[in-house]
J.: 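Please see the structure below; I have some questions.
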Protein chains: 4
Amino acid sequence: MTATPARRRDATRTRALLLQTARRRFARDGYSSTTLRDIADEAGVNVALIARYFESKEGLFEACLTAAVDEIKRETGDAQLSEVHLIIADQAARIGEGGPPSQLMLLLRSSGDERADEIRRGVLRNSAERLAAAAGHHPGDDDTLLRAQVVLAASLGIVLLRSVGAMEPLQTADRDTLAGPLRDLVAALLPARDEPKRSRGSDGP
Amino acid sequence: MTATPARRRDATRTRALLLQTARRRFARDGYSSTTLRDIADEAGVNVALIARYFESKEGLFEACLTAAVDEIKRETGDAQLSEVHLIIADQAARIGEGGPPSQLMLLLRSSGDERADEIRRGVLRNSAERLAAAAGHHPGDDDTLLRAQVVLAASLGIVLLRSVGAMEPLQTADRDTLAGPLRDLVAALLPARDEPKRSRGSDGP
Amino acid sequence: MTATPARRRDATRTRALLLQTARRRFARDGYSSTTLRDIADEAGVNVALIARYFESKEGLFEACLTAAVDEIKRETGDAQLSEVHLIIADQAARIGEGGPPSQLMLLLRSSGDERADEIRRGVLRNSAERLAAAAGHHPGDDDTLLRAQVVLAASLGIVLLRSVGAMEPLQTADRDTLAGPLRDLVAALLPARDEPKRSRGSDGP
Amino acid sequence: MTATPARRRDATRTRALLLQTARRRFARDGYSSTTLRDIADEAGVNVALIARYFESKEGLFEACLTAAVDEIKRETGDAQLSEVHLIIADQAARIGEGGPPSQLMLLLRSSGDERADEIRRGVLRNSAERLAAAAGHHPGDDDTLLRAQVVLAASLGIVLLRSVGAMEPLQTADRDTLAGPLRDLVAALLPARDEPKRSRGSDGP
DNA sequence: TATGAATGAGAATTCATTCAT
DNA sequence: GATGAATGAATTCTCATTCAT
């Protein structure tokens, strides 16, 4: 990160460029529909560099997944239950015509690579658990965990539908419009901790 | 012309066999990850027969989609709002270790074929609309439609997560266990018609 | 050839139908570009019948060639030198938009089948020899034979160019228009027997 | 960067090698009878390189055609009418047992690719026109143009017959032997400009 | 570090042919 | 005699990967 202008042959930079491009393409088109040449061309570098930096197509995918996971964790790290619906709305709202596809999509894309798949599953499990924890989940309370997983499923479903396209008004709803139904959804499934579990609806201040 | 013991050379049967196999593979592995040879081998027939009966890979996919759509329509034709959560639970509960992947998955798989994609989108749109209608949707009421789409998204998300695997207790929850959270979810998003529409929760002071 | 109207399942008739269709397609599109299914479909019969009647694709081609050869021999059997140019003009003039492609084309199409190729070569050789004989060729007179072969080559070339298409006025010239240049050509190369060899030009009666 | 002993990995060289091989095979066997694997194997390189350098089989054929056209134009660029028969004899004489088939053959080979076919037709038309021009053709003079086309047809026919093989003495005639009949042929069809046009036939002692 | 050349495996698709009815 | 089902062997083309510079 020195002040070297007009740099070429910058390994870390090239690597990052490839990674970024790959994340977008994998998320948008899926693993097997994306070719390494597509990625390299879009990144403006030579295909062989992918092998250099990521070993193989699967290696690249794994790196994309790890990066996406880190990003998701960073963004949702200290989420409170009361803002979960906003976070979801946020993620979903990002997906639009021109914008980059949500990295959540990566979590739904299988590469056939067992290692990458295990990472994916781990992240999904972990996300649901954190969600459940925020809702006061304690070991053995399978119902809360299940409900958290349903919330996660709904989030992924919305992201998915938006990426599929052509379903109005969901397709173009903005963050605030999405937040309403999502708040109801979260409230119904994961009532705030200190309240009696069946009293959905009053998610208070 | 005997009582069909050990028949071979049965066109409709072979066609159906191919279609069934293809539906499972496409739903499970996605369009581009599935090879025609895979399908033919699994069906125990020669690859060239796929061309004979379905013209091309895209033709086969389109046939799968149409078949899935018909099946879905048949199964959910006259659904009442009060049983929507049961239908969803039903669909989701079908997906287990050995069982066939839900045909709903097909609706989320893109083939790149524009014609098939349009069918997919049409079915998705239509499903959401029927759901909204059951909830008393009337033209111009975008909020109810949006909420119906969120319910659909949640259903698809659950199916998706179950097909991804390894997320307990969602993975192995049975129909009745799933029905609970789903009832709450549907109730929260699509209140029964005869209730005042705005009485969901107390959304803010 | 009895007076049996409304016949189906007529072996010789089916065979003839296939042969006729095959001759047209092979002449028009060449051996390897023509598929048996094309031929069978155009003839309105089942593909398997080709195997029944002609053994194989090569067998069918050979049959076409033989038939074409017979036809050519019949039409040009007793040609006089003075009418050679008319015969050529005739053959060439047949090739037009809608009409059937000249069977001469078959003589230029290789099938890769050694036996068929030998037939082709034989016919070509023989044609040139008959032409030379009409011009008074005697054993050892290689020059006359060569000239006859050049005349044959020119004929084939014209047929070929017409079948290629899009070269006016050659493409649409009628028999009489073609006859002029062809008479000069034949006269120049194969002077009538009783005249001194170098005195081309007076092809009068 | 030594003095090019035993070089490999030379793109232009590989491309040229493929092109040369393809020209020979296409000219000899025709478009559909020639497989890309044949060409690649004969050239000693991998099949995939054809796609790399020429996009597709049709692309390769088009490149062959263009190359052949260029070569023909270069060799016949400034032909005088009086030497036309020598040029034809030259072309024809090249075709022998071991030698490469004349590139003229390519002009008669259809690929089914409309673009390539248009090139072919264009070249043929143009050749005839140049020939006619050398003979003093002026707009509207269809007769001279037709005669030039017949000369072209004869040339192609000779080339064709030689490539078919097995027709003596045409098959092995050398340039000078061919020149005689060809001179007569050209003279008969395209009398020299400064002579009265209708005086064909008696070209004096 | 980066590039372009070259490869081999595997994809869909086409087609002549054989089998069963 | 005729048909349709089924097969296996190509063929073109795509793509991840490796090699040489």
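We use all heavy atoms of the structure for the numbers below, so side chains are in, but hydrogens, waters and symmetry mates are not. Chain naming here is simple, since letters A, B, ... match the order of the sequence lines and numbering starts at 1 in each.
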J.: Could you tell me the separation between the CG atom of Leu18(C) and the P atom of dA16(E), rounded to a whole number of Å?
T.: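 Result: 14 Å.
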J.: Got a second to check how far Arg109(A)'s CZ is from Ser33(A)'s OG, nearest 0.5 Å?
T.: 8.0 Å
J.: With the side chain of Thr35(B) defined as its heavy atoms from C-beta on, choose the nearest nucleotide among dA20(E), dC13(F), dA11(E).
T.: dA11(E)
J.: When the nearest nucleotide of DNA chain F is assigned to Tyr31(D) and to Thr34(A) on a heavy-atom basis, which residue is associated with the more 5' position?
T.: Tyr31(D)
J.: Given atom CZ of Arg13(B) and atom C1' of dA6(F), what is their separation to the nearest angstrom?
T.: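 Rounding to the nearest Å, CZ of Arg13(B) and C1' of dA6(F) are 15 Å apart.
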J.: Among residues 44-54 of chain B, which ones have heavy-atom contacts with DNA chain F below 4.0 Å?
T.: Val45(B), Asn46(B), Ala48(B), Leu49(B), Arg52(B), Tyr53(B)
J.: Quick one: CZ on Arg121(D) to OG on Ser110(D), what's the gap to the nearest 0.5 Å?
T.: 8.0 Å
J.: What does the 5'-to-3' dot-bracket notation of DNA chain E look like when only Watson-Crick and G-U wobble pairs under 3.5 Å count, and pairs to other strands show as |?
T.: .||||||||||||||||||||
J.: How far does CE of Met105(B) sit from CZ of Arg24(B), to the nearest 0.5 angstrom?
T.: 15.0 Å
J.: I need the CD1-P distance between Ile39(B) and dA11(E), as an integer number of Å.
T.: 12 Å
J.: Report yes if the side chains of Asp10(A) and Thr12(A) come closer than 4.5 Å at any heavy-atom pair, otherwise no.
T.: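 Of all side-chain heavy-atom pairs linking Thr12(A) with Asp10(A), at least one is under 4.5 Å.
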J.: OG1 of Thr14(C) to CG of Leu18(C): how many Å apart, nearest 0.5 Å?
T.: 7.0 Å
J.: Tyr31(A) ring centre to Lys57(A) NZ or CZ under 6.0 Å, with the angle to the axis within 45°?
T.: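 Yes.
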J.: Are any of the side-chain heavy atoms of Asp38(B) and Thr35(B) separated by less than 4.5 Å?
T.: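 Counting from C-beta outward, Asp38(B) and Thr35(B) do come under 4.5 Å.
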J.: Do Phe54(C) and Leu19(C) touch side chain to side chain, with heavy atoms closer than 4.5 Å?
T.: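 They are in contact (side-chain heavy atoms under 4.5 Å apart), so the answer is yes.
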J.: Can you measure Leu60(B) atom CG to dT13(E) atom C1' for me and round it to whole angstrom units?
T.: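 One finds 14 Å between C1' of dT13(E) and CG of Leu60(B), rounded.
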J.: Which residues in residues 109-116 of chain A have a heavy atom closer than 4.0 Å to any atom of DNA chain E?
T.: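 DNA chain E contact set from residues 109-116 of chain A: none.
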J.: For a quick test of reading the model: is some side-chain N or O of Thr14(B) closer than 4.0 Å to OP1 or OP2 of dA6(F)?
T.: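 Yes, within the criterion.
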J.: Calculate the interatomic distance between Arg37(D) atom CZ and dA9(F) atom C1'; express it in whole Å.
T.: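 Rounded to whole Å, this separation is 13 Å.
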J.: Can you tell me how far apart CG (Leu60(D)) and CG (Leu65(D)) are? Round to the nearest 0.5 Å.
T.: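 Spacing of CG (Leu60(D)) from CG (Leu65(D)) equals 11.0 Å.
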J.: In a check of salt bridge (Lys or Arg N to Asp or Glu O under 4.0 Å) between Glu42(C) and each of Arg23(C), Arg37(C), Arg28(C), Arg25(C), which one passes?
T.: Arg25(C)
J.: Taking NZ from Lys57(C) and P from dA10(F), how many angstroms apart are they, rounded to a whole number?
T.: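 For the pair Lys57(C) NZ and dA10(F) P, the rounded distance is 15 Å.
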J.: Please state how far atom CG in Asp10(D) lies from atom C1' in dG4(E), giving the value in whole angstrom units.
T.: 12 Å
J.: On DNA chain E, does the nearest nucleotide to Ser56(B) precede the nearest nucleotide to Arg15(D) from the 5' side, or the other way round? Give the residue.
T.: Arg15(D)
J.: Whole Å only: how far is the CZ atom of Arg25(C) from the P atom of dA16(E)?
T.: 12 Å
J.: If you measure from OG1 on Thr21(C) to CD1 on Ile39(C), what distance do you get to the nearest 0.5 Å?
T.: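 Atom-to-atom, Thr21(C):OG1 and Ile39(C):CD1 are 7.5 Å apart.
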J.: Taking the side chain as everything from C-beta on, heavy atoms only, tell me whether Asp113(A) gets closer than 4.5 Å to Phe61(A).
T.: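 The answer is no, as the side chains (C-beta and beyond) never meet within the 4.5 Å cut-off.
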